A.B. asks: 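One structure coming up, written as structure tokens, with questions to follow.
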2 protein chains.
Amino acid sequence: MSKSERTKQTIVAAALELFREHGYEATTMRMVAKHAGVSVGNAYYYFKSKDVLLQAFYREVHDAEVAAAEPALASAHSFRERLRAVLHSKLEVIEPYHRFSALMFRSAADPKSPLNPFHPDGRDVRRGGEALFARVVDEARPRVARDLAAELPGLLWTYSMSLVLFWIHDDSPERERSRAFVDRTTDLIATAVRVASNPLMRPLRKKALDLVRDLTPN
Amino acid sequence: MSKSERTKQTIVAAALELFREHGYEATTMRMVAKHAGVSVGNAYYYFKSKDVLLQAFYREVHDAEVAAAEPALASAHSFRERLRAVLHSKLEVIEPYHRFSALMFRSAADPKSPLNPFHPDGRDVRRGGEALFARVVDEARPRVARDLAAELPGLLWTYSMSLVLFWIHDDSPERERSRAFVDRTTDLIATAVRVASNPLMRPLRKKALDLVRDLTPN
DNA sequence: ACACCGTTTTGAACACGTTCAATTCCTTCT
DNA sequence: AGAAGGAATTGAACGTGTTCAAAACGGTGT
């Protein structure tokens, strides 16, 4: 590992630690630099902005989400149960950050941020999210109709971003409203998917999928 | 009009003018103060933050949207046409701000901002938006089922915020993708509303509306 | 006229994210 | 070993949103 690589790691590690402890806003670049034992300028040499550091945080959270979803994905077979389980474990993973959420997850829709469903740049961040939902869909039994299965991960990711948006403003005890949101909307979605997967629905399904494809950039 | 009221108006007028010309970010509080002929501190005496001034901008845009929707609402009768017309005129009104949009309309989903569908504080801003859609629904012929008509304005407002989110990232010429978004999704929504308004659908409709009510704060 | 007191106004000061010219470090070539 | 030159590092400086102690203003009672 080269020297510069090590410096970079030190900085990102310092940033993530401070983000976790104090949240995004309360963590200043001066704090990050000091904690990493480098100068402010050096931090900027490796990371163009504070936002870029936040993206590293997202990646970490995403990895934790994938890991947390693993057991559920191994045991749940129906689409409904798989989706439900993945979302509930996502909620558990992000729970510790709820007090900072307003700022740490603002990106769910902030145009400047790569986490946004419509944003062109943040494709990799997005791909990661979609990959998780692809696993939900692809290994579900009974199977989801093939054409639908192709578009579903992207749609589910966008849907999960709405969940985050909902969750951010959820001050109910134990976040029960968010959990209810998951339970009830996954029910709805699963029903819709089941109905749509019926061969008789193929023409209507095709029309809906065309719509989605036309409106999704790339 | 009291002296303080006049100062306040001067400041907000200066801010809006500069926002329109340079966008939100490029307009500094020092510029606003200078343009209004007051000190920076005085601007802060009347407006707790720059964001508060942005809210005044939203109000202005909203008023323009309402005004622009007027003729369409007077002549279109079907729900589908009324909704379509309102959204298209909305797009026209906000078009001049597209180059600043990333920052001026970030609030569409920013948790800190009152424009957010899930935000508790910004109720008045939100009410204004819902009121417009209430007009779309209430005077539509054929009528929308009563129970559905009660929840629809709120849902449509949320939907219009997604439109804004889509529009922000839409770089297609003449914003044609956004206009396609409107045409095709309003079609979908109108069809759904028509189907749902059928008396036979009442039980299912009730279930869906209960879901919405349960998940909407207040 | 004066003193009083709450409201309004000021601009210097603060902390922040970010930039940049200058410096130090390290590698490579002679 | 020494020179050269690119990569890494520094910290002061900039412009920003925001705060605050102090000053100016304006009305009211004496």
Side-chain angles (χ1 to χ4, degrees), chain A residues 1-19 21-58 100 102-107 110-114 121, chain B residues 1-19 21-58 100 102-107 110-114 121:
Chain A
M1 183 151 75
S2 72
K3 174 93 184 303
S4 83
E5 199 58 36
R6 240 181 310 130
T7 309
K8 203 172 165 175
Q9 291 304 324
T10 311
I11 294 169
V12 82
L16 295 197
E17 191 178 325
L18 293 170
F19 286 170
E21 190 170 357
H22 306 109
Y24 178 69
E25 282 243 303
T27 302
T28 73
M29 289 301 278
R30 284 163 182 85
M31 284 165 69
V32 172
K34 186 165 228 172
H35 200 330
V38 301
S39 69
V40 206
N42 202 12
Y44 274 93
Y45 179 76
Y46 289 104
F47 301 92
K48 212 172 97 262
S49 70
K50 197 183 172 188
D51 263 10
V52 174
L53 248 14
L54 185 56
Q55 288 177 37
F57 170 80
Y58 290 139
F100 309 131
L103 296 141
M104 295 193 107
F105 295 93
R106 98 183 105 93
S107 338
D110 188 330
K112 277 197 307 187
S113 155
D121 277 3
Chain B
M1 185 150 75
S2 72
K3 175 95 184 304
S4 84
E5 200 56 36
R6 241 183 307 132
T7 310
K8 202 172 168 178
Q9 292 303 325
T10 311
I11 294 169
V12 81
L16 294 198
E17 191 178 326
L18 293 169
F19 286 169
E21 189 169 359
H22 306 109
Y24 178 69
E25 283 243 303
T27 302
T28 71
M29 288 302 279
R30 283 163 183 82
M31 284 164 69
V32 171
K34 186 167 229 170
H35 201 318
V38 300
S39 68
V40 207
N42 202 11
Y44 274 93
Y45 178 76
Y46 289 104
F47 301 93
K48 210 172 98 263
S49 72
K50 199 182 170 188
D51 263 11
V52 174
L53 285 173
L54 186 56
Q55 289 177 36
F57 171 80
Y58 290 138
F100 310 130
L103 296 140
M104 296 194 105
F105 296 93
R106 98 181 105 93
S107 340
D110 187 329
K112 276 198 305 187
S113 153
D121 277 3

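Letters go in sequence order (proteins before strands), and every chain restarts at 1. As the structure is a prediction and not an experimental result, all values here were calculated from the model.
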A.B. asks: Rounded to the nearest angstrom, tell me the gap between atom CE in Met29(B) and atom P in dG17(D).
C.D. replies: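 After rounding, the gap between these two atoms is 7 Å.
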A.B. asks: Drop me the distance from Leu18(A)'s CG to Met29(A)'s CE, to the nearest 0.5 angstrom.
C.D. replies: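 Interatomic distance, Leu18(A) CG to Met29(A) CE, rounded to 0.5 Å: 11.0 Å.
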A.B. asks: Which letter, B, S or -, goes with each nucleotide of nucleotides 4-14 of chain D from 5' to 3', with contact meaning a protein heavy atom under 4.0 Å?
C.D. replies: ---SBBBB-B-
A.B. asks: Can you find a pair of side-chain heavy atoms, one from Val32(B) and one from Lys50(B), that are under 4.5 Å apart?
C.D. replies: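 When only atoms from C-beta onward are counted, Lys50(B) and Val32(B) do not touch, as no gap falls below 4.5 Å.
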A.B. asks: Kindly write out the residues that satisfy ring pair (Phe, Tyr, Trp, His ring centres under 6.0 Å) with Phe19(B), not counting sequence neighbours, or none if the list is empty.
C.D. replies: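 Checked Phe19(B) against ring pair (Phe, Tyr, Trp, His ring centres under 6.0 Å); matches are Tyr24(B).
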A.B. asks: Could you pull out all donor-acceptor pairs under 3.5 Å where a side-chain atom in residues 7-16 of chain B meets a protein atom, sequence neighbours excluded?
C.D. replies:
{"unit_1": "Thr7(B)", "atom_1": "OG1", "unit_2": "Lys3(B)", "atom_2": "O", "d": "3.0"}
{"unit_1": "Thr10(B)", "atom_1": "OG1", "unit_2": "Arg6(B)", "atom_2": "O", "d": "2.7"}

A.B. asks: Taking only residues two or more places apart in sequence or in another chain, which ones pass ring pair (Phe, Tyr, Trp, His ring centres under 6.0 Å) with Phe57(A)?
C.D. replies: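 Phe57(A): ring pair (Phe, Tyr, Trp, His ring centres under 6.0 Å) contacts with Tyr97(A).
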A.B. asks: Under 4.0 Å from any heavy atom of chain B: name the first and the last nucleotide of DNA chain C that qualifies, 5' to 3'.
C.D. replies: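 First and last nucleotides in contact are dT7(C) to dA13(C).
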A.B. asks: As an exercise, state the distance from CZ of Phe100(B) to NE2 of His22(B), rounded to the nearest 0.5 Å.
C.D. replies: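 Here the rounded value is 8.0 Å.
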A.B. asks: I need the minimum non-hydrogen distance between Tyr44(A) and Ser49(A), along with the two atoms involved.
C.D. replies: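 Heavy-atom minimum between the residues: CE2-CA, 4.1 Å.
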A.B. asks: Considering residues at least two apart in sequence or located in another chain, which fulfil the side-chain contact (heavy atoms from CB on, under 4.5 Å) criterion with Ser39(A)?
C.D. replies: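 For Ser39(A) the side-chain contact (heavy atoms from CB on, under 4.5 Å) partners, ignoring immediate neighbours, are Asn42(A).
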A.B. asks: Calculate the interatomic distance between Lys48(B) atom NZ and dT18(D) atom P; express it in whole Å.
C.D. replies: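 Those two atoms, NZ and P, are 9 Å apart.
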